[in-house]
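First up is the structure itself, then whatever we jot down about it.
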Protein chains: 2
Amino acid sequence: MVDFGRSDDVRKSNRRRILSVLRHHAKVSRKHISQETGLSASTVSAITSELLDEAVIVSLQGAEDGALRRGRPQVRLSLNPNAALVASAVQQLDRIAVTVCDYAGKTVAEIDRPFKAREAGPEEFPRTLIETISDALATLPPGAGQLERIELGVQGITDVEGTAMLWSPITRYRNIGMKEALEDAFGVPARVSNDCCMIALALHWRDPERFADNFAAVLLSHGIGMGLMLNGELVTGIRSSATEFGHLSHMPRGALCRCGRSGCIEAYAGDYAIYRRATNAGSESAPRNDIAQAEMSGIMEAAKNGDADSIAAFAEAGEALGTGLANMFALVDPFPVALVGHGTRAYGFIEGSLRRAIGDINPYVSGSGIEISCFPDEKPLIMEGCTITALLELDEEIARSTAPHQKIFTDAV
Amino acid sequence: MVDFGRSDDVRKSNRRRILSVLRHHAKVSRKHISQETGLSASTVSAITSELLDEAVIVSLQGAEDGALRRGRPQVRLSLNPNAALVASAVQQLDRIAVTVCDYAGKTVAEIDRPFKAREAGPEEFPRTLIETISDALATLPPGAGQLERIELGVQGITDVEGTAMLWSPITRYRNIGMKEALEDAFGVPARVSNDCCMIALALHWRDPERFADNFAAVLLSHGIGMGLMLNGELVTGIRSSATEFGHLSHMPRGALCRCGRSGCIEAYAGDYAIYRRATNAGSESAPRNDIAQAEMSGIMEAAKNGDADSIAAFAEAGEALGTGLANMFALVDPFPVALVGHGTRAYGFIEGSLRRAIGDINPYVSGSGIEISCFPDEKPLIMEGCTITALLELDEEIARSTAPHQKIFTDAV
DNA sequence: ACTATTTTTTTCGAGCCTCGAATTAAATGG
DNA sequence: CCATTTAATTCGAGGCTCGAAAAAAATAGT
């Protein structure tokens, strides 16, 4: 329950709703906002003129699209691109990417450069990031808005407050603080989030029909991650970021996981697990962490040519994923699933056993009824998720910052 | 985000907050309410006098407790017991219990009588319930309030709307509608909920320190159930009621579960599973569903005397439960756990392997750090959960029903 | 060219609601 | 019996939303 008592909280809430409409639709008239929110035309008029004064939105003259109709034309309103800038960043095993977007969501600068995470010391993570963001900002023309927020997506575990990478597969260092360094460098709020959570937010934003209030995004990569949305809210841990789907127990006392335990889903479905099984290396053998994409392609090729071990490797991966999903479905009923990352290239070899495991474990669910879609490239999704997160936070802040309404009276006639 | 636009929504919200304070503390002064809610004294005065007019609350004269202090004494306010009645019911395998409480939460009538669920036809479930509630109401003196709500707790799966028992271990019939029959019979809103959810709510209400915003209640009985609270909200399925914790996969292709699948947690930790393992009956043998408490006590006795199979039975149960809990902890970080039901009598035999499994699977969590408490008797908890649910719904309805404030002017002097 | 019509947006007054200040109420202490 | 202290109520100010009326800005028709 929202905690509000005074009546200007009503104004804040209505500002929020109006900004939300503007965030969803590029150009909307006051009329449209009024219909969408259920607020009266007078209220919409009052709030939008406030937002115009604050230069949060702009009104677009002319450029009327569509048939000319009789009557006073609707004035289209839009978020003011120059109201702010947000920086989104993705730090991965081998690359670092930064995107700067304006307040209307358009990308205005992009950098994607190599970064050797394994060889980097703990202080290099924030430092490289600060450098890259600075470089991206330097490319902007002087007229652009001010940077207002930074959002970073990384693999691994972060704390719910978004201050640090508690653990990440891309480095052996723990507890690398990011938030504070970024905030000190740029003087604006920053957060670090789990990549899978960002992917889920991006999908929810991209296709709210399919990825509505309940769905999961599963990242199939060297490891296995999940971003889970339930009731329209991202599920995070109580203290740490993510639903560690990859480390659910699939098979007690089973295959060795790179986390050191046995029988995790990842120990069957991660790249290293598939590689290990396909090369018949024994489920207790140490996970390799330097498997090239070409090697995975080789296994797919072998499977295509009927190699029994390769086929079994993918089948066991599918079974582990399916069992894990079935467990999720037992907890909260079935929901659509997005598979993301390069692991989806082998979807053809995985799907059968995955669906069988879902069906096996939960007979109330026809295994084939689950909607599964694949997105091979995770990076743009992570980036999009970071951007939308930053923008929505900004919207929230703007909605809340309602200065006491002051009318200015002048003596002049 | 709460959807509110008009300013009387503020009043509704503040009514809600004041009612919430009154629900938590038996006798509170306006002063205290003002401090607790942060609302001004004048607002509290206005709203409480409204609530007094509506006879939702009463003001207690005299009966001052504590030291007499200088100054005008605080007037204690309380919820008006006669404002309403709510009926709570628990329908189990062998008994049906009904409790009627007044609006202040005091039990005013109770019935607990035998009911043979296995032999009952589908229509007997609502019918027996209606009879028992009627009988309970008949014992009340005429001055008592009006029945306003009915809340039923049952084992098994219900739909999120609370209309029907979709599946329950106490009967072979599916999809037994309860809500409509009860509403038709008594003319007030009714709901049917999963028993474990009610247990979780009761614990949250009883001991908000220990069972705060994140915890789980696990029912150890013939089957295994879970009520899960995250971020202060009960987790339910998308369509059906409950976190089917008992049917998470513990061991793929493992022991036969009474649900027909293999390897569920319940197939290791339910009474029938412990019995099966202790009697060395083979993990594929059909579950017995008529195991008496005495038989379970016998197994505990045997374990106490060193019987290897009995000890193994409990140890395997603990491992299955621990693995399941570790999976939950991987999803949302560790949280306190309440074990509920007669299965907790064997906690001494279960704890070791349970904690080992938690530690095994999640090394970040010292297995012994998880707070586990036992509540052998589940029935009063289910009942309490039903009552508090009904009362809170009533509070919500009363908070919302703010008639347009009408001052009555009379001509008389 | 000019007026009627249509549609959108703004302005204005009424009605709620909360708050702080002032007032009233109800007790104790000397 | 009056001063003091604390609680509760009353009253006016200010903010907010809403509906009605007015103003603005276009087209349609003569």
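Here is the naming used below: chain letters follow the sequence lines, and residue numbers restart at 1 for every chain.
A straight line from NZ of A/Lys12 to P of D/dG15 spans 13 Å, rounded to a whole angstrom. With rounding to whole Å, A/Asp9 atom CG is found 10 Å from D/dC16 atom P. Atom CD in B/Glu50 sits about 18 Å away from atom P in D/dA8, given to the nearest Å. Counting to the nearest Å, the P atom of C/dG20 and the CG atom of B/Leu39 are 11 Å from each other. In this structure, B/Arg15 places its CZ atom 16 Å from C1' of C/dT18, rounding to the nearest Å. Whole-Å rounding puts the A/Lys31 NZ to D/dA26 P distance at 17 Å. Taking atom CD1 on A/Ile47 and atom C1' on D/dC18, their separation rounds to 12 Å, with Å as the unit. The interatomic distance linking A/Arg69 (CZ) with C/dT9 (P) rounds to 10 Å, in whole Å.
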Dump the pairs, protein N or O against N or O of nucleotides 28-30 of chain D, anything under 3.5 Å, distances to one decimal.
| from | atom 1 | to | atom 2 | distance (Å) |
| --- | --- | --- | --- | --- |
| D/dA28 | O4' | A/Arg70 | NH1 | 2.8 |

Identify each atom pair where a protein N or O and an N or O of nucleotides 10-12 of chain C are less than 3.5 Å apart, giving names and distance.
| from | atom 1 | to | atom 2 | distance (Å) |
| --- | --- | --- | --- | --- |
| C/dT10 | OP2 | A/Arg30 | NE | 2.9 |
| C/dT10 | OP2 | A/Ser45 | OG | 2.6 |
| C/dT10 | O5' | A/Ser45 | OG | 3.4 |

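Between A/His204 and A/Phe215, the ring-plane angle classifies as parallel under the 30° and 60° cut-offs.
Note on A/Arg11: a side-chain N or O is less than 4.0 Å away from OP1 or OP2 of D/dT17. Residue A/Asn14 places no side-chain N or O under 4.0 Å from the OP1 or OP2 atom of D/dC16. OP1 or OP2 of C/dC19 lies within a sub-4.0 Å distance of a side-chain N or O belonging to B/Thr43.
Applying the side chain to side chain donor-acceptor pair (under 3.5 Å) criterion to B/Glu384, with sequence neighbours excluded, gives B/Arg206. For the salt bridge (Lys or Arg N to Asp or Glu O under 4.0 Å) test, residues two or more places apart in sequence or in another chain that qualify with A/Arg191 are A/Glu151, A/Glu393. Judged as a side chain to side chain donor-acceptor pair (under 3.5 Å), and not counting sequence neighbours, B/Thr389 has no contacts. Partners of A/Ser59 under the side-chain contact (heavy atoms from CB on, under 4.5 Å) rule, at least two apart in sequence or in another chain, are A/Leu52, A/Gln61, A/Val75, A/Leu77. Remark: A/Ser34 pairs with A/Val44 by the side-chain contact (heavy atoms from CB on, under 4.5 Å) rule, at least two apart or across chains. Judged as a ring-ring contact (aromatic ring centres under 6.0 Å, His included), and not counting sequence neighbours, B/Phe186 has no contacts. Judged as a side chain to side chain donor-acceptor pair (under 3.5 Å), and not counting sequence neighbours, the contacts of A/Glu183 are A/Lys179.
Donor-acceptor pairing under 3.5 Å is lacking for the side chains of B/His24 and B/Glu36.
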